[in-house]
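Report on the structure given below.
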Amino acid sequence: MRTSQYLLSTLKETPASAEVISHQLMLRAGLVRNLASGLYTWLPTGLKVLRKVENIVREEMERANAIEVLMPMVQPADLWEESGRWEDYGPELLRLNDRHNRPFVLGPTHEEVITKLVSNELNSYKQLPLNLFQIQTKFRDEIRPRFGVMRGREFLMKDAYSFHLSDECLEATYQKMYDAYCRIFDRLGLDYRPVIADTGSIGGEASHEFHVLADSGEDDIAFSDVSDFAANIEKAEALAPTGERPAASQNQAKVATPNVKSINDVAEFLKVDATQIVKTLLVLGECADGETAPLVALVVRGDHQLNEIKAEKIAGVASPLTMATDEQVQAALSCNLGSIGPVGLELTTVVDRSAAHLADFVCGANQNDTHLTGVNWDRDCKNYQVADIRNVVEGDPSPCGAGNIVIKRGIEVGHIFQLGEKYAQAMNCGVLTEAGKHKILTMGCYGIGVSRIVAAAIEQNHDKYGIKWPSAIAPFQVAIVPMNMAKSARVKETAENLYQQLSDAGVEVLFDDRKERPGVMFADHELMGTPLLLIIGERNLDAQQVELKNRQTGEKSLINISDIADLF
RNA sequence: CGGUGAUUAGCGCAGCUUGGUAGCGCACUUGGUUUGGGUCCAAGGGGUCGCAAGUUCGAAUCUUGCAUCACCGACCA
C-alpha cells in the first residue's frame, strides 16, 4: 500500500471527547471515527486490525471444532417472547417494527436464534455434540456508551453455542473452549487472566471471564498473591474471619452524634476505627405483585462495601437489588439513613461474616443523631442471619486457601458459560436418544468482544508516541520510509524496488511515498504502531544498507538490502 | 434515568462578564523554502456561532425551552 493512495487520516491533536488512551490513539492513528454515541466507523487501518483479530479468533474456533455460521442481526420478537427475554432483557434490547408493524429486535446476542435453528435442524443424538459460532455485529442499547469502541452500542462479537446430551459432554466442550480462549489471547500477545465469574443475566452454572489487565478496565479482579486463583470481585468469596469472636467487654451505651452520618464522620467523632463500626443498609425484600415490599437490613463493617450480586441472591431480598429510598426508611424507622443500626430492628437482618465477628462495635441507634457503642451480637441483637455479602478487599485471605487477595483492574474481553437447559427448555430444543426418547439438550455459550480486543490491545501496548501493536495484529508489518525521495533518485529507486519486492512476497507493507519531511513520517508511523520501519537514506546506500527500526524495542540497526527479505 | 460540564471552520480553542464588522493555532489549497525527527515565509479557501422562540434598533454574547455530545453512578463482550 502506498500512503498516497491510502486513507491515512492521522491527527496531530487529540479530540476532546476521548477520555482513555486507547480511544485517543484510535482516533489519532486513524482507526475509527465516531458517528453517534456508541457508533463507530472503522477506517481502513482500523479495519485491518479488526480483521486480524477476527481471523485469529476464527482459526482457533475451527481448531476447537466449532463451525462457523452467520445469523441475522434483525430477529423477530416472538422468538424473544418464547425464551421469556422479551420481558426480561429490558431497555438495552432495541426493539423496532417493520412496515407491517410486526415487532423485531436488533440482536444483542443470539441464544434464541441458534436454539431455534438447532431445534429445527437436529433430530438425533448421533448429531451431537455440536458447536456453532459466528462473528457478527451485535447491538446493545447501552445506557452509557463510553471509551470509544470499548463500550460501543454496536460492536463486533464472536459468539459460539454448543449443544450436548449430557453435562459431562458440555463440560468437556467448555474446557476445550477455555483452552481455545487461552490460545487466542496468547496469540494476540495480550496479558490476560481467566477469572471465575458471575453468570449474570444470561443465566446458567459455571462461568469464566477473560480479562485483559489494564488500569482503565471497568472490572475489579481479585487474585491470590500466591496461587492461580482469580475471580471477578462480584464473585470472590469473602471468608469468615478465623478464630472465635472476641467476648463482649463493654456495656451498650447510647451517645449523641449530632449531624454525624457517614462512616467517616462517625469514626472521627467517636475516635474509633471504621473497622469497629457497622453500617446498616436497607433494601427492598421480595414480595408478590401489588404488595408493598418489606425492607431487609444488610449489615457490613464500616470499611467494607456491600456486594450487590451476592446480596440479591439472599433469599427474601428482591432481585435486582434495590436500595430503600429516604422516604421508605423514614416511614419504617422514623430516622435518617445515617442513623440505622441492627439493634431492636424488626426487619429481616443479614449480617456479613466480618461484621458478625465484631465485638463492642458502634452502630446507628435507629434514632436521628444518635449511635450506640459497645454493641455485641446475641447479647444486644438476636435475630439475624450471617452471610457473605461484601466485596473482598486487598489483604483478605484468598478463598482458595492460599495467600492473600490482590485487586487489579481488567477489561472483559471474553466470557464463557455453561448455560444448561435454560434456552433449550424454553424453546423445546431436543433430539431422540439412543433409546428413542426425546431429550432436551444442554448448552454452553462462549463470547469474545472482537472490537473491544482492539481497544484493549492498545491499552496494553502504547507509549507517548502512539500504538505499539503486537505483531500478530499490526495493520502493516513494515513501513518503508524514504528520506527525501524527491531529491534522490537513488533513494527513490531503492524504495520502489523494495516495495515491489516485499509486496510480491506477500508482506503487508506500507510505502510512505508522500512528499513529507522525515519528522512527519516518523511521527505518523510511530503513532500507527507499525512494528518495523525501513528507513532509506542517502547516507547508507553506498554500503547497500538501510536502517531498520523496531517499534516495540526502539532499537535501530543497519541491514543489508539483500537481507531484508529474510526478515519476513 | 440521576448528577456534572460542553456545543463557535475538519480538529483543538478564544470571544460571551460589559450586545454593535466572527477570531487564533493545527489541518487544507497555491507558490517558494527546507529535507534523518511534526521547517520557515507568503497568499488563499472554508462558519446560518447546536436548534427554536423571546428581549432589543441590533444577539455567538442576555432569557426560556429543546436537542446532541462527553464525564461520574447501575448494565455488559
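Below, chains carry the letters A, B, ... as their sequence lines are ordered, and counting in each starts from 1.
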Original post:
Which is true for A/Met483 with a 4.0 Å heavy-atom rule: it touches a base, it touches only sugar-phosphate, or it touches nothing?
Top reply: base
Original post:
Using the C1' atom in both, what is the distance from B/rC51 to B/rA6, to the nearest Å?
Top reply: 16 Å
Original post:
Has the side chain of A/Asp524 got a donor or acceptor that lies under 3.5 Å from a partner of the other kind on the base of B/rG37?
Top reply: no
Original post:
Tell me: CZ of A/Arg153 to P of B/rA70, nearest whole Å?
Top reply: 9 Å
Original post:
Can you tell me the Watson-Crick or wobble partner of B/rG37, both distances under 3.5 angstrom?
Top reply: none
**OP:** Respond yes when some side-chain nitrogen or oxygen of A/Lys12 is under 4.0 Å from OP1 or OP2 of B/rA27, and no when none is.
**Re:** yes
Original post:
Between A/Lys464, A/Lys549, A/Arg28, which is the residue that forms a salt bridge (charged side-chain N to carboxylate O under 4.0 Å, His left out) with A/Glu526?
Top reply: A/Lys549
Original post:
Would you call A/Glu496-A/Arg2 a salt bridge at under 4.0 Å N-O?
Top reply: yes
Subject >> B/rG38 and B/rA27, which share atom name P, separated by this distance in whole Å >> reply: 13 Å
Original post:
Which part of the nucleic acid does A/Asp219 contact within heavy-atom distance under 4.0 Å: base, sugar-phosphate only, or nothing?
Top reply: base
Subject >> Atom pair distance, as rounded to whole Å: CZ in A/Arg539 and C1' in B/rU35 >> reply: 12 Å
Subject >> Atom-pair distance (CZ on A/Phe522; P on B/rU39), nearest Å >> reply: 13 Å
Subject >> A/Tyr40-A/Phe155 aromatic ring centre distance below 6.0 Å >> reply: no
Original post:
With sugar-phosphate meaning primed atoms plus P, OP1 and OP2, does A/Asp159 contact a base, only sugar-phosphate, or nothing at under 4.0 Å between heavy atoms?
Top reply: nothing
**OP:** Take atom NZ of A/Lys492 and atom C1' of B/rU35, then tell me their distance rounded to the nearest Å.
**Re:** 16 Å
Subject >> Separation of atom CZ in A/Arg144 from atom P in B/rA70, rounded to whole Å >> reply: 9 Å
Original post:
Is any side-chain heavy atom of A/His415 closer than 4.5 Å to a side-chain heavy atom of A/Ser207?
Top reply: yes
Subject >> Sugar-phosphate, base or nothing in reach of A/Lys487, heavy atoms under 4.0 Å >> reply: base
Original post:
So what does A/Gly148 touch, heavy atoms closer than 4.0 Å: a base, only the sugar-phosphate, or nothing?
Top reply: nothing
Subject >> Whole-angstrom distance between B/rC62 and B/rA43, as gauged at atom C1' >> reply: 40 Å
Original post:
How is A/Asn232 classified with respect to the nucleic acid when contacts are heavy atoms under 4.0 Å: base, sugar-phosphate, or nothing?
Top reply: nothing
**OP:** Answer yes or no for A/Arg95 and A/Trp86: cation-pi contact, defined as NZ/CZ to six-membered ring centre under 6.0 Å and angle to ring axis within 45°.
**Re:** yes
**OP:** Report the distance from atom CG of A/Asp141 to atom P of B/rC1, rounded to the nearest whole Å.
**Re:** 11 Å
**OP:** Among the candidates B/rG73, B/rC75, B/rU35, find the nucleotide nearest to the side-chain atoms of A/Glu142.
**Re:** B/rC75
Original post:
Start at the 5' end of RNA chain B and walk down; is the nucleotide closest to A/His23 or to A/Gly414 reached first?
Top reply: A/His23
Original post:
Which base sits across from B/rC16 as a Watson-Crick or G-U pair, both distances under 3.5 Å?
Top reply: none
Original post:
Between B/rU34, B/rG38, B/rA77, which nucleotide gets closest to the side-chain atoms of A/Lys515?
Top reply: B/rU34
Subject >> A/Tyr423-A/Arg85 side chain donor-acceptor pair, cut-off 3.5 Å >> reply: yes
Original post:
A/Asn484 side chain: which of B/rU35, B/rA77, B/rG38 is closest?
Top reply: B/rU35
Subject >> P gap between B/rG50 and B/rU34, integer Å >> reply: 44 Å
**OP:** Determine the interatomic distance between C1' on B/rC41 and the same-named atom on B/rG20; round to the nearest Å.
**Re:** 36 Å
**OP:** Report the nucleotide, chosen from B/rG38, B/rG37, B/rA74, that has the shortest atom-to-atom distance to any side-chain atom of A/Pro518.
**Re:** B/rG37
**OP:** Give the nucleotide from the list B/rC69, B/rC72, B/rU39 with an atom nearest to the side chain of A/Arg146.
**Re:** B/rC72
Subject >> Distance, C1' atom - from B/rU63 to B/rC16, rounded to whole angstrom >> reply: 14 Å
**OP:** Among B/rA70, B/rA77, B/rG37, find the nucleotide with the atom closest to the side chain of A/Ser37.
**Re:** B/rA70
Original post:
To the nearest Å, how far apart are A/Glu412 CD and B/rC76 C1'?
Top reply: 7 Å
Subject >> Identity of whatever pairs with B/rG58 - Watson-Crick or G-U, under 3.5 angstrom >> reply: none
Original post:
With no hydrogens and no angle check, do the side chains of A/Asp159 and A/Gln134 hold a donor and an acceptor under 3.5 Å apart?
Top reply: yes
Original post:
Under a 3.5 Å cut-off for both distances, is B/rG47 Watson-Crick or wobble paired, and to whom?
Top reply: none
**OP:** Pick the P atom in B/rC49 and in B/rA9, then give their distance to the nearest Å.
**Re:** 10 Å
What nitrogen or oxygen pairs link the protein and nucleotides 12-15 of chain B at under 3.5 Å?
from, atom 1, to, atom 2, distance (Å)
B/rG12, OP1, A/Ala16, N, 2.8

Subject >> B/rA60 to B/rA53 separation - P atoms, rounded to the nearest Å >> reply: 14 Å
Original post:
Is there a donor-acceptor pair closer than 3.5 Å between any side-chain N or O of A/Gln544 and the backbone N or O of A/Ile561?
Top reply: no
Original post:
Would you say the side chains of A/Tyr6 and A/Thr45 form a donor-acceptor pair under 3.5 Å?
Top reply: yes
Subject >> Candidates B/rG36, B/rU34, B/rA74 - which lies nearest the side chain of A/Arg517 >> reply: B/rU34
Subject >> Pair A/Lys138, A/His110: side-chain N/O donor-acceptor within cut-off below 3.5 Å >> reply: yes
**OP:** Indicate, with a heavy-atom threshold strictly under 4.0 Å, whether A/Glu526 touches base, sugar-phosphate, or nothing.
**Re:** base
Subject >> Check: B/rG37 base within 3.5 Å donor-acceptor of A/Lys549 side chain >> reply: yes
**OP:** May I ask you to say what A/Val520 touches in the nucleic acid, namely base, sugar-phosphate or nothing, with a heavy-atom cut-off under 4.0 Å?
**Re:** base
**OP:** With heavy atoms under 4.0 Å as the rule, sort A/Met485 into base, sugar-phosphate or nothing.
**Re:** nothing
Subject >> Presence of A/Arg151 side-chain N/O under 4.0 Å of B/rA74 phosphate oxygens OP1/OP2 >> reply: no
Original post:
Can you find a donor-acceptor pair, distance only, under 3.5 Å between A/Glu538 side chain and B/rG36 base?
Top reply: no
**OP:** Kindly point out which of B/rG36, B/rU39, B/rA74 is positioned nearest to the side chain of A/Ile143?
**Re:** B/rA74
Subject >> A/Lys52/A/Ile56 under side-chain contact (heavy atoms from CB on, under 4.5 Å): CA gap, chis, key distance, verdict >> reply: CA-CA 6 Å; A/Lys52 289 201 168 187; A/Ile56 289 174; 5.6 Å; no
Subject >> Earlier contact from the 5' end, RNA chain B, for A/Phe155 and A/Ala36 >> reply: A/Ala36
Original post:
Within the structure shown, what part of the strands sits under 4.0 Å from A/Phe210 by heavy-atom distance: base, sugar-phosphate, or nothing?
Top reply: nothing
Original post:
Is A/Pro482 touching bases, backbone alone, or none of the nucleic acid, heavy atoms closer than 4.0 Å?
Top reply: nothing
**OP:** Would you mind classifying the nucleic acid contact of A/Ile535 as base, sugar-phosphate or nothing, using non-hydrogen atoms under 4.0 angstrom?
**Re:** base
Original post:
When you check the gap from the basic side-chain N to the acidic O, do A/Glu59 and A/Arg183 get nearer than 4.0 Å?
Top reply: no
**OP:** Nearest whole angstrom, please: distance from the C1' of B/rC71 to the CG of A/Asn34.
**Re:** 15 Å
Original post:
B/rU4 pairs with which nucleotide, Watson-Crick or G-U wobble, both distances below 3.5 Å?
Top reply: B/rA70
